[in-house]
2 protein chains.
Amino acid sequence: MTVTPTDPPALAYSTENCTVGRAMDVLGERWTFVVLREVFNGVRRFDDMRRRTSMPRQVLTNRLATLVEQGLLRRVPYQVPGARSRHEYRLTEKGFDLYPVLIAVRDWGDRYLADPGGSPVAFEHRGCGGEVHLAMVCADGHTVTDPRDVMTRPGPGAHPAS
Amino acid sequence: MTVTPTDPPALAYSTENCTVGRAMDVLGERWTFVVLREVFNGVRRFDDMRRRTSMPRQVLTNRLATLVEQGLLRRVPYQVPGARSRHEYRLTEKGFDLYPVLIAVRDWGDRYLADPGGSPVAFEHRGCGGEVHLAMVCADGHTVTDPRDVMTRPGPGAHPAS
DNA sequence: AGGCTAAGTCTGATTGACAGACTCAGCAAC
DNA sequence: GTTGCTGAGTCTGTCAATCAGACTTAGCCT
């Protein structure tokens, strides 16, 4: 019996059509981000991820499956000489585009949760070597430093009742 | 019996001292981000959040409590005339600093998960009116467009074994 | 044939999500 | 001065998810 009778996950906790809610449907599971961090770090294989994160096998299986299903990862076959062919997990473009989120989370984590020694990883710009961070910019090119300078407006797809 | 005998949450799934893992200890619960979205949108009261998100009361109670405990929100008393005094939830600075994460998530969600009509919210720069997005920049001021231009290096607080 | 390994699946116990009913404090109206 | 209303919860029971540990499977190698 290979069929898992899990009924379709069916997008949950979204306020109407809020894309943040929807994104959290995809990303909100506990371990999802940790998996993505590993993949961004170049860890692509099941057991490597398991060893590094010590997450339960089944959860990893599930997360990888969901991420593949959602189009964030794809399975790519590979073969180490003298071993049977297996597959590893790589980012799709949709997955790659989560990079800013990862950096945003890391920036925040570094500021508030790092050990006294500092962050265990650094992201540097290939070529110039400068450390990479996130910035909020507006369409006119201004850099926004204070969130209070950002106004939330209804967008084109806003829900009528509010 | 008012004492809930929940043992301290005790940081879980972190690879060593990875700040992404730690951040996800704080942010990784399903509804946390949805709560933060509401607070950033100016929704500060229990029942308003509940009405807008239709999340279970108890979960909201728990999330708010964890967020207060983690120092992302603080409870502020308020009083509507002719009603008893209550309290609402406001962002602390630590909470405010999550704004880039929220925008990063929204940017991604808008790109891949929006309705055909587009995003239901827009963030605009107070003053100039331009739409606010996130950008990756390096210390030398270059804007990074491709994640592949970012190299991950061990940082100052890297764990020895790897 | 037997062993090894990566990537799983199966099973059962603990934890968390969720819904619905109940509580509690203060104001207001009767 | 008791009844009712409202916001912000708590209590209880059910159902799903997490987790750990043992088992499985496919291919290669000796």
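Smallest separation of non-hydrogen atoms from B:A23 and A:G109: CB-CA, 4.4 Å.
Geometrically, B:R44 does not engage B:Y78 in a cation-pi contact, judged by NZ or CZ lying under 6.0 Å from the ring centre and within 45° of the ring axis.
Classification of A:R86 and A:E88 as a salt-bridged pair fails, no side-chain N sitting under 4.0 Å from a carboxylate O. The existence of a salt bridge linking B:D97 and B:K94 is excluded, since no basic side-chain nitrogen approaches an acidic carboxylate oxygen closer than 4.0 Å.
In this structure, A:E29 places its CD atom 8 Å from C1' of D:dA17, rounding to the nearest Å. Atom OH in B:Y78 sits about 8 Å away from atom P in D:dG7, given to the nearest Å. Look at CZ on A:R50: it is 14 Å from C1' on C:dT9, rounded to the nearest Å. Separating the CE atom of A:M49 from the P atom of C:dA7 is a distance of 9 Å, rounded to the nearest angstrom. Between the CZ atom of B:R52 and the P atom of D:dA8 there is a distance of 15 Å, rounded to whole Å. Between the C1' atom of C:dC18 and the CG atom of B:N62 lies a distance of 11 Å, rounded to the nearest Å. For the pair A:D48 CG and C:dA7 P, the computed distance is 7 Å after rounding to whole Å. The distance between atom CZ of A:R45 and atom P of C:dA7, rounded to the nearest whole Å, is 7 Å.
Minimum atom distance to the side chain of A:V59 is reached by D:dC19, of the listed D:dG7, D:dC19, C:dA17. Which of C:dT9, C:dG16, C:dA7 sits closest to the side chain of A:T61 comes down to C:dT9.
Looking at heavy-atom distances under 4.0 Å, A:R75 makes contact with sugar-phosphate atoms alone, never a base. Residue A:R63 is in sugar-phosphate contact alone, with no base atom involved, counting any heavy-atom pair closer than 4.0 Å across all strands shown.
Contact annotation: B:Y89 side-chain N/O to D:dG9 OP1/OP2 distance is under 4.0 Å. In this model, the phosphate group of C:dG16 is not approached by any side-chain N or O of B:W31 to a distance below 4.0 Å at OP1 or OP2.
Here the side chain of A:Q79 pairs a donor or acceptor atom with the backbone of A:A83 at under 3.5 angstrom. Side chain of A:W108 to main chain of A:L113: no donor-acceptor pair is present (N/O by atom type, distance under 3.5 Å, no hydrogens or angles).
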Worksheet entry | Per-nucleotide protein contact string for nucleotides 19-29 of chain C, where B marks a base within reach and S marks sugar-phosphate only (heavy atoms under 4.0 Å, - for neither) | BBB---BSSS-
Distance-only donor-acceptor pairs under 3.5 Å for side chains of residues 123-133 of chain A, two or more places apart:
{"residue": "A:E124", "atom": "OE1", "partner": "B:R153", "partner atom": "NE", "Å": "2.3"}
{"residue": "A:E124", "atom": "OE1", "partner": "B:R153", "partner atom": "NH2", "Å": "3.4"}
{"residue": "A:R126", "atom": "NE", "partner": "B:R148", "partner atom": "O", "Å": "3.1"}
{"residue": "A:R126", "atom": "NH2", "partner": "B:R148", "partner atom": "O", "Å": "3.3"}
{"residue": "A:H133", "atom": "ND1", "partner": "A:D107", "partner atom": "OD1", "Å": "3.0"}
{"residue": "A:H133", "atom": "ND1", "partner": "A:D107", "partner atom": "OD2", "Å": "3.4"}

